[in-house]
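The figures that follow rest on heavy atoms only: side chains count, while hydrogens, waters and symmetry mates do not. Note that the structure is predicted; figures quoted are calculated from it, not measured. Just so you know, ligand 1 is whichever comes first in the structure, and atom 1 is the first atom listed for that ligand.
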Amino acid sequence: MITKKIEEAIESLNNNNLVAIPTETVYGLAGNAFNEKAVEKIFALKERPLHNPLIVHIKSYEYLEEVAKDIPKVAIDLAKSFWPGPLTLVLNKKDIVPDIVTAGKDTVAIRVPNHPLTLEVLENLDFPLAAPSANPFSTISPTTTEHVESYFGNNLEVILEGGTCEKGIESTIIGFEDEYPIIYRLGSLSIEEIENRIGKVYTKNKNDVSPAAPGMLSRHYAPKTEMVLIDEPKSKLKYFPNKNVGVLSFKDQLKSLHPDDQEVLSKAGDLNEAAKNLYAAMHRLDSKGFDVILAERFPSAGIGKTINDKLERATKKEEKLESEVELIKDLEKDIIINTVFPGIIP
Ligand code: TXA
Ligand code: MG
């Protein structure tokens with residue numbers, strides 16, 4: 001049930017039940033991070049593999065040392081600069097954090113979310129909240145309570161109404177290897193903002209990372225409808241003559257397609273606005289029964305890099321779609337097929 005009453009959220013969490021909480025990035029599926037039974041419920045409801053660890057949400061920077069140890073100086077600098085906000089730090093964990101939260105790892109992912117309601121909930125609890133995004137494993141993340149309700153319906157008693165998420169894309173995750181910061185997941189906090197603060201950071205190459213590690217599963221955030229990522233949807237429409245096509249674009253509406261069949265993420269060409277609208281637009285397009293969704297590649301700067309990363313994961317193909325890949329390949333060689341379908345076509 002969607003509710004605005006934070007007392008209901010607090011009571012449920014104190015009873016080790018789950019609550020969907022608003023954050024500035026996406027809605028989270030939260031439970032008592034110090035209670036194994038509550039955390040088990042998160043994995044079960046989300047159908048998430050137990051080897052994929054959760055983020056622990058704390059109420060403030062001051063609480064950090066309750067859950068983490070051996071904190072590098074640069075991590076302290078980052079936390080002080082960007083919390084509350086869309087930055088998750090992966091640090092050595094203290095014993096108080098149950099193994100189920102970290103999937104048996106010695107590290108724990110931590111952030112302070114920037115949403116007034118959730119911060120108020122955290123203030124009223126004497127434990128932090130483990131919370132993955134409030135969507136079934138590998139589906140599109142939720143940025144409204146309606147998205148959460150459509151996924152979990154009556155299986156989730158309390159969905160705390162906090163409006164549309166301000167940022168719209170998950171937090172940026174940074175880990176430390178020999179005290180050097182490494183970006184594990186691109187997110188709402190841009191690389192440029194981070195580098196302005198602490199200098200050059202490295203990004204873990206997607207292909208280097210095993211699926212069990214840092215949320216870098218190649219197929220993720222995926223709509224049920226097939227989605228293709230291309231540089232310019234307008235000039236590619238003709239290659240799908242017998243298909244019912246939907247289009248997701250940055251700022252320009254296509255005249256050759258009915259307005260109902262397309263989503264423009266920011267008419268003003270503002271990348272932050274586009275990020276905020278991205279998942280809701282994907283949810284809408286996915287519900288319209290298209291044969292294929294053509295998504296436009298974004299400019300590769302600032303949050304545009306993050307948007308492209310999410311779109312690439314949403315368009316990553318599974319083996320069974322290979323026949324369609326071949327079909328498109330026959331139709332037009334200049335669709336940059338190797339970036340659209342990485343790993344399938346040599
Ligand atoms: O914005 C967000 O980060 C949202 C909101 C709700 O806070 N949460 C979120 O959680 O996106 P989730 O579970 O969907 O993604 C968390 C990612 C996972 O991909 C997981 O692999 C990674 O964080 N992670 C968690 N603990 C880790 C650890 N100890 N080491 C490396 N990666 C970790
Ligand atoms: Mg997620």
Side-chain angles (χ1 to χ4, degrees), residues 18-31 33 39 42-43 45-58 67-68 75 82-94 97-115 117-119 121-122 128-143 147-148 151 159-160 162 165-177 181-189 204 206 209-222 275-276 279 306 309-310 313-314:
L18 305 187
V19 170
I21 52 164
T23 83
E24 80 283 29
T25 59
V26 299
Y27 274 79
L29 184 62
V39 177
I42 298 176
F43 281 97
L45 186 57
K46 207 180 141 83
E47 294 179 52
R48 180 179 177 115
L50 283 163
H51 61 65
N52 197 353
L54 306 179
I55 296 176
V56 171
H57 297 70
I58 60 174
V67 283
F82 296 113
W83 282 354
L87 171 70
T88 294
L89 299 174
V90 176
L91 298 166
N92 286 344
K93 84 174 192 80
K94 284 198 168 156
V97 182
D99 285 341
I100 184 169
V101 172
T102 64
K105 288 174 183 287
D106 296 335
T107 52
V108 57
I110 305 162
R111 83 178 192 102
V112 181
N114 192 11
H115 191 289
L117 283 186
T118 291
L119 286 172
V121 169
L122 283 166
L129 293 173
S133 49
N135 54 294
F137 184 62
S138 92
T139 60
I140 308 168
S141 296
T143 54
H147 295 156
V148 180
Y151 280 136
I159 301 173
L160 187 57
C165 300
E166 195 46 47
K167 298 283 182 189
I169 288 184
E170 291 84 347
S171 61
T172 301
I173 303 182
I174 296 193
F176 301 89
E177 296 178 14
I182 305 214
I183 297 186
Y184 284 163
R185 178 177 75 179
L186 296 178
S188 279
L189 188 65
K204 199 129 205 170
K206 284 169 256 189
V209 185
S210 80
M216 296 297 265
L217 289 167
S218 56
R219 185 171 165 81
H220 216 121
Y221 315 102
K276 180 173 179 178
Y279 290 152
T306 300
D309 180 70
K310 304 300 166 193
R313 287 168 206 282

* Asked: Can Lys93 and Asp99 be said to form a salt bridge (charged side-chain N to carboxylate O under 4.0 Å, His left out), step by step?
  -> CA-CA 10 Å; Lys93 84 174 192 80; Asp99 285 341; 3.6 Å; yes
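The NZ atom of Lys204 sits 12.5 Å away from atom CD1 of Ile173, with the distance rounded to the nearest 0.5 Å. Between Leu189 atom CG and Arg111 atom CZ the span is 10.5 Å, to the nearest 0.5 Å.
Residue Asn52 approaches ligand 1 through these ligand atoms, each under 4.0 Å from one of its heavy atoms: 18 (C), 19 (O), 20 (C), 21 (O). Residue Ile173 has at least one heavy-atom neighbour below 4.0 Å for each of these atoms of ligand 1: 17 (C), 22 (C), 23 (O). The contact set between ligand 1 and Thr25, taken as ligand atoms under 4.0 Å from a residue heavy atom, comprises 1 (O), 2 (C), 4 (C), 5 (C). Residue contact check: His57 has heavy atoms under 4.0 Å from atoms 5 (C), 6 (C), 7 (O) of ligand 1. The atoms of ligand 1 that sit less than 4.0 Å from any heavy atom of Lys105 are 28 (C), 29 (N), 30 (N). Proximity to Arg48 (heavy-atom distance under 4.0 Å) selects the following atoms of ligand 1: 12 (P), 13 (O), 14 (O), 18 (C), 20 (C). Of all the atoms in ligand 1, the ones that sit under 4.0 Å from a non-hydrogen atom of Val90 are 28 (C), 29 (N), 30 (N).
Within the 4.0 Å heavy-atom shell around ligand 1 one does not find Lys93.
Note: no N/O pair closer than 3.5 Å links Thr88 and ligand 1 by distance alone. Checking only distances, Arg185 does come within under 3.5 Å of ligand 1, N or O to N or O. Where the criterion is an N or O separation shorter than 3.5 Å, residue side chain and backbone included, Arg111 meets it with respect to ligand 1.
Judged purely by distance below 3.5 Å, without hydrogens or angles, the side chains of Glu170 and Ser141 pair a donor atom with an acceptor atom. No side-chain donor from either of Arg185 and Thr88 sits under 3.5 Å from a side-chain acceptor of the other.
Of the listed options Thr118, Ile110, Thr107, Thr107 places a heavy atom closest to atom 29 (N) of ligand 1. The heavy atom nearest to atom 4 (C) of ligand 1, out of those in Val101, Val26, Ile21, Val112, is found in Val26.
Between Asn135 and Tyr27, every side-chain heavy-atom pair lies at or beyond the 4.5 Å cut-off. Residues Val90 and Phe176 are not in side-chain contact: their nearest non-hydrogen atoms beyond the backbone lie 4.5 Å or more apart.
Under a 3.5 Å cut-off, the side chain of Glu24 and the backbone N or O of Asn114 do form a donor-acceptor pair.
Within 6.0 Å of the NZ atom in Lys167, the count of heavy atoms belonging to other residues, nucleotides or ligands does not exceed 12.
Residue contacts to the Mg ion (ligand 2): Ser133 brings an N, O or S atom closer than 2.8 Å.
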